[in-house]
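In this chain, numbering begins with 1 at the start of the sequence shown.
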Amino acid sequence: MSISLRTARSVRILGVASASAALALGVAGNAFACNISEFSAVAKCDGEKGVISVTDKDPSGTPATVTVYLGDKLIGTQDVVGSREGVTIDFAEDWAPNTTYRVHVKAGNQVDEDIKSGVNTPDEACTPESTPTPTPTPSASQPEESATPTPSASEPEESATPTPSASESTPGAPASGVPTPAGGSSNLAETGASSNTGVIAGIAAALVAVGGGAVFFGLRRRGASSNG
């Protein structure tokens, strides 16, 4: 009877120990199992290029496949084997500010889901947009220069036709320095002859005739005197 009690007690102790060991192994197995909480993602800049970095901190080292989406657009897919310290993979993506990307993880039969809350990009892009330099506008006090220069009042425009100087004589006009006949008017015609030339010639012919007659009469009287 005492042997049976001792055997039963031993079996009970072994059962408790076995249950404790199984529970410990189960907890340990769950501790080393791969789960989505061991994956994280962030959008950052690599110089002037944008990247989305995904880190796998899986101590069990379960191989996983990470896929990044922008809406329904596939950005890229990479494989990763995590570690307790963490392994990071980068997806080159020229992301826009304030944009949300979706990151999906597939690790064996343990994980097949998205990283919670996705990846939200920062407020500023990696390469800031250049601001065009505004063109300076002329102020009201400084009007724009006219394309055609306006001559000033102190510099009169030159006449297209040169005006003859006073020293140049005009054809038909008396030259300066030549005295004019008394009375202030000239009777010369355009040819230069006087309008009284005929009258003067007639008077001269009459005088010549009178003189010739007087000489002829004198000679006849002398001849008569000498004959008598």
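- Atom CG of D94 is separated from atom NZ of K49 by 10.5 Å, given to the nearest 0.5 angstrom.
- Between V80 and Q78, the closest side-chain pair of non-hydrogen atoms is not below 4.5 Å.
- Using a 4.5 Å cut-off on side-chain heavy atoms (C-beta onward), P97 and E124 make no contact.
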Query raised in the report: Do D123 and N98 pass the side chain to side chain contact (heavy atoms under 4.5 Å, CB included) test, and can you show the C-alpha distance, the side-chain angles, and the key distance before you say yes or no?
Result: CA-CA 5 Å; D123 296 336; N98 300 318; 2.6 Å; yes

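- Side-chain contact between T55 and V87: absent, with no pair of heavy atoms (C-beta onward) separated by less than 4.5 Å.
- Rounded to the nearest 0.5 angstrom, D56 CG and S40 OG are separated by 9.0 Å.
- With sequence neighbours left out, the salt bridge (Lys or Arg N to Asp or Glu O under 4.0 Å) criterion links D114 to R102.
- Taking every heavy atom of both residues into account, S117 and T100 meet most closely at O-CG2, 4.4 Å.
- For T121 (side chain) and T99 (main-chain N/O), a donor-acceptor pair under 3.5 Å exists by modelled atom type.
- Counting non-hydrogen atoms of other residues, nucleotides and ligands closer than 6.0 Å to NZ of K106 gives a total above 12.
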Report task. Let me see the working for V66 and F91 under side chain to side chain contact (heavy atoms under 4.5 Å, CB included), right down to the final yes or no. Result -> CA-CA 10 Å; V66 179; F91 294 83; 4.2 Å; yes

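- The structure places OG1 of T88 at 8.0 Å from NZ of K57, a figure rounded to the nearest 0.5 Å.
- C126 and G47 make their closest contact through CB-O, 4.4 Å (heavy atoms, listed as atom of the first residue, atom of the second, distance).
- Atom-to-atom distance recorded for E93:CD and S53:OG is 12.5 Å, nearest 0.5 angstrom.
- Residues satisfying the side-chain hydrogen bond (donor to acceptor under 3.5 Å, both in side chains) criterion with S37, sequence neighbours excluded, are N35.
- In this structure, NZ in K116 is found 12.0 Å from CZ in F39, a value given to the nearest 0.5 Å.
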Report task. Check the pair L74, T67 against side chain to side chain contact (heavy atoms under 4.5 Å, CB included), reporting the backbone distance first and the verdict last. Result -> CA-CA 8 Å; L74 174 64; T67 306; 3.3 Å; yes

Report task. Using the side chain to side chain contact (heavy atoms under 4.5 Å, CB included) rule, take Y69 and I75 through it: C-alpha gap first, then chi angles, then the decisive distance, then the call. Result -> CA-CA 5 Å; Y69 296 92; I75 302 301; 5.7 Å; no

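- Under the 4.5 Å side-chain heavy-atom criterion for Ile, Leu, Val, Met, Phe, Trp and Tyr, V51 and Y101 are members of distinct hydrophobic clusters.
- In plain terms, the two heavy atoms of W95 and G50 that are nearest each other are NE1-CA, 3.5 Å.
- Rounding to the nearest 0.5 Å gives a distance of 10.5 Å between NE2 of H104 and CD1 of I115.
- In this structure, the side chains of D46 and D90 stay at 4.5 Å or more apart for every pair of heavy atoms.
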